[in-house]
Amino acid sequence: MQSIRIKAALLLIYFIFAMLLNSVGIVILQVIQNFQVSKEAASVLEGFKDLPIAIVSFLVASALPKLGYKKALQIALLLIAGASVLMPLFPSFDTSKLLFFCVGVAFALTKVSVYATLGLITKSKAEHASVLNFIEGFFMLGVLTAYWFFAAFMTEGTGNGWLDVYWYLAGLSLLAFALVSSTDFPALELDPQSTGFNDFIAMLKLTAKPLVFVFVVSAFLYVLIEQGIGSWLPTFNNEVLHLPSQLSVQITSIFAASLAAGRLSAGFILRFIPWHLLCNICLLAMAALVLLTLPLTHEIQPDPDVTLWTAPLSAYLLPLIGFFMAPIYPMLNSAILTSLPQQQHAAMTGLIVVFSALGGTTGSIVTGHSFAALGGQTAFYLTLLPLTLLLLSSNSFHKLKAAA
């Protein structure tokens, strides 16, 4: 029963963070329109989210077992509840930066705690992979909810009514805090001789292992692609496909739905085929979808009467890349975590979060600058380069894992 309560708490927490973390694309669109911010300036919001994730994960991941995963989750939830309240009270681009900074710090604590806790409440590699895919799939349901939830508060033109969504997010965060506080979490047996500095050095030494090094390169490339597309898809829909702002956000929900469907489906498909084979199939399908869909986005004329049912075909096809993208990240994470002892899971998760955050920041900033300088189509065509590199690195990772 206690395990069920823990899993329910982790699902709710991930659902909340899904809405906050993946609202960057929505907020980018809104600050450009409401606060007269340039695309180049707006692109830094991803950095305000991801750099704190990287820095905090790097500095505190090895120390979290001593702090306690439950306490870390409580701190994270209170932080995002407070930051969410500030958004409608003090609407500005600077408050948006502060929000994502707090979300980044909180998610660093959360992701390390969630991943490490899974190692304590699961009994086998198969159960670990299954629960991790389910939690990551539930995360994508949160992303899907965010697009429609935020869109419900949006109107065309300027106005700050969309900021009222943060009152609800603050309330959900406090609900999750209450659930975590009333649940007992298992304790990890710690080495009494270990110190914070020794644990930190041990985390750094992990990167010296070829298997871990190739993994973190793969994680970096994956998140670079996902955030580059996900953060700029609402703006792509608005400026390239000429869809209204609200519809641009709503139709981006197809991307989130595809990610959710892909991750939930992967849990079933992986029973029958090896993870590395599915990874290769997904990467090749992503590249094919980019090459087939982007040509359809040229020379689309604005339609003042466009609706969800009359939008251009490309508006529906391009977000489907999420279905093939979705299984890759959980598969890579589960593969590396189950190859290490439980005592190293927190440190390894810290490295996962660090390089994922750096990849997300890089992807959003590069895509934002490419979008402004070269146009939306070219910016999205450029994702083929990291896709190719990820295909090479993931296969190298599989070979090293098989040889270990």
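These values consider heavy atoms only, across backbone and side chains, with no hydrogens, waters or symmetry-generated copies.
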*Say whether, by atom type as modelled, one donor and one acceptor occur between the side chain of Thr383 and the main chain of Ala379 under 3.5 angstrom.*
no
*Taking only residues two or more places apart in sequence, or in another chain, which ones meet Phe397 in a ring pair (Phe, Tyr, Trp, His ring centres under 6.0 Å)?*
Phe215, Trp275
*NE2/His242 to OG/Ser248 distance, rounded to the nearest 0.5 angstrom?*
11.0 Å
*Using atom types as modelled and distance alone, determine if a side-chain donor or acceptor of Gln246 lies under 3.5 Å from a backbone N or O of Ala151.*
yes
*Might you work through the side-chain contact (heavy atoms from CB on, under 4.5 Å) test for Phe323 and Ser265, ending with a clear yes or no?*
CA-CA 9 Å; Phe323 181 81; Ser265 300; 4.0 Å; yes
*Within the side chain of Asn22, is there an N or O that forms a donor-acceptor pair under 3.5 Å with the backbone of Ala18?*
yes
*Hey, does the side chain of Lys49 reach the backbone of Val24 with a donor-acceptor pair shorter than 3.5 angstrom?*
no
*Please state whether the rings of Phe371 and Phe380 are parallel, tilted or perpendicular, taking 30° and 60° as the class boundaries.*
perpendicular
*First locate atom CH2 of Trp148, then atom CE of Met19, and finally report the distance between them rounded to the nearest 0.5 Å.*
16.0 Å
_Approximate separation, where rounding is to 0.5 Å, of Thr95 OG1 and Leu89 CG_ = 9.5 Å
_Do Leu211 and Ile336 have side chains that approach each other closer than 4.5 Å (heavy atoms only, starting at C-beta)?_
yes
*From Phe236 CZ over to Leu294 CG, what is the distance, rounded to the nearest 0.5 angstrom?*
5.5 Å
*Where Phe35 and Pro91 come nearest, the two heavy atoms and their spacing*: CZ-C, 4.0 Å
_How close do Pro210 and Leu400 get, counting heavy atoms only, and between which atoms?_
O-CD1, 3.6 Å
_Heavy-atom side-chain proximity of Lys401 to His398 below 4.5 angstrom_ = no
*Quick one: does Ile80's side chain get under 4.5 Å of Leu20's, heavy atoms only?*
yes
*Do side-chain atoms of Thr310 reach the backbone of Thr307 as a donor and acceptor pair under 3.5 angstrom?*
yes
*asked:* To check you understand the geometry: which heavy-atom pair defines the closest contact between Cys102 and Leu79, and what is its length?
replied: O-CD2, 3.5 Å
*Do the non-hydrogen side-chain atoms of Gln36 and Phe93 ever get within less than 4.5 Å of each other?*
no
*Could you tell me which non-hydrogen atom of Leu283 sits nearest to which non-hydrogen atom of Leu391, and how far apart they are?*
CD1-CA, 3.6 Å
*Is there a side-chain contact between Ser253 and Phe149 (heavy atoms, below 4.5 Å)?*
no
*asked:* I'd like to know if the side chain of Ser334 reaches the main chain of Pro330, judged simply by a donor and an acceptor atom lying under 3.5 Å from each other, with no hydrogens or angles considered.
replied: no
*Any side-chain heavy-atom pair of Leu10 and Tyr14 under 4.5 Å*: no
*Just wondering, do Trp162 and Asn34 contact through their side chains at under 4.5 Å, heavy atoms?*
yes
*Is a side-chain N or O of Ser182 found less than 3.5 angstrom from the main chain of Leu179, in a donor-acceptor match?*
yes
*For Ser258 and Pro319, which heavy atoms make the closest approach, and how far apart are they?*
OG-O, 3.6 Å
_Test side chain to side chain contact (heavy atoms under 4.5 Å, CB included) applied to Ser314 - qualifying residues, sequence neighbours left out_ = Leu241, Thr293, Leu296, Thr297, Ile300, Pro312
*Between Val366 and Leu382, does a side-chain contact (heavy atoms from CB on, under 4.5 Å) hold up when you go through it step by step?*
CA-CA 10 Å; Val366 168; Leu382 289 175; 5.7 Å; no
*asked:* Quick check: do Cys282 and Met325 have side-chain heavy atoms less than 4.5 Å from each other?
replied: no
*Ignoring hydrogens and geometry, is there a side-chain-to-backbone donor-acceptor pair from Lys70 to Thr183 under 3.5 Å?*
yes
*Kindly give the heavy-atom pair with the smallest separation between Ser218 and Ser394, and that separation in Å.*
OG-N, 3.7 Å
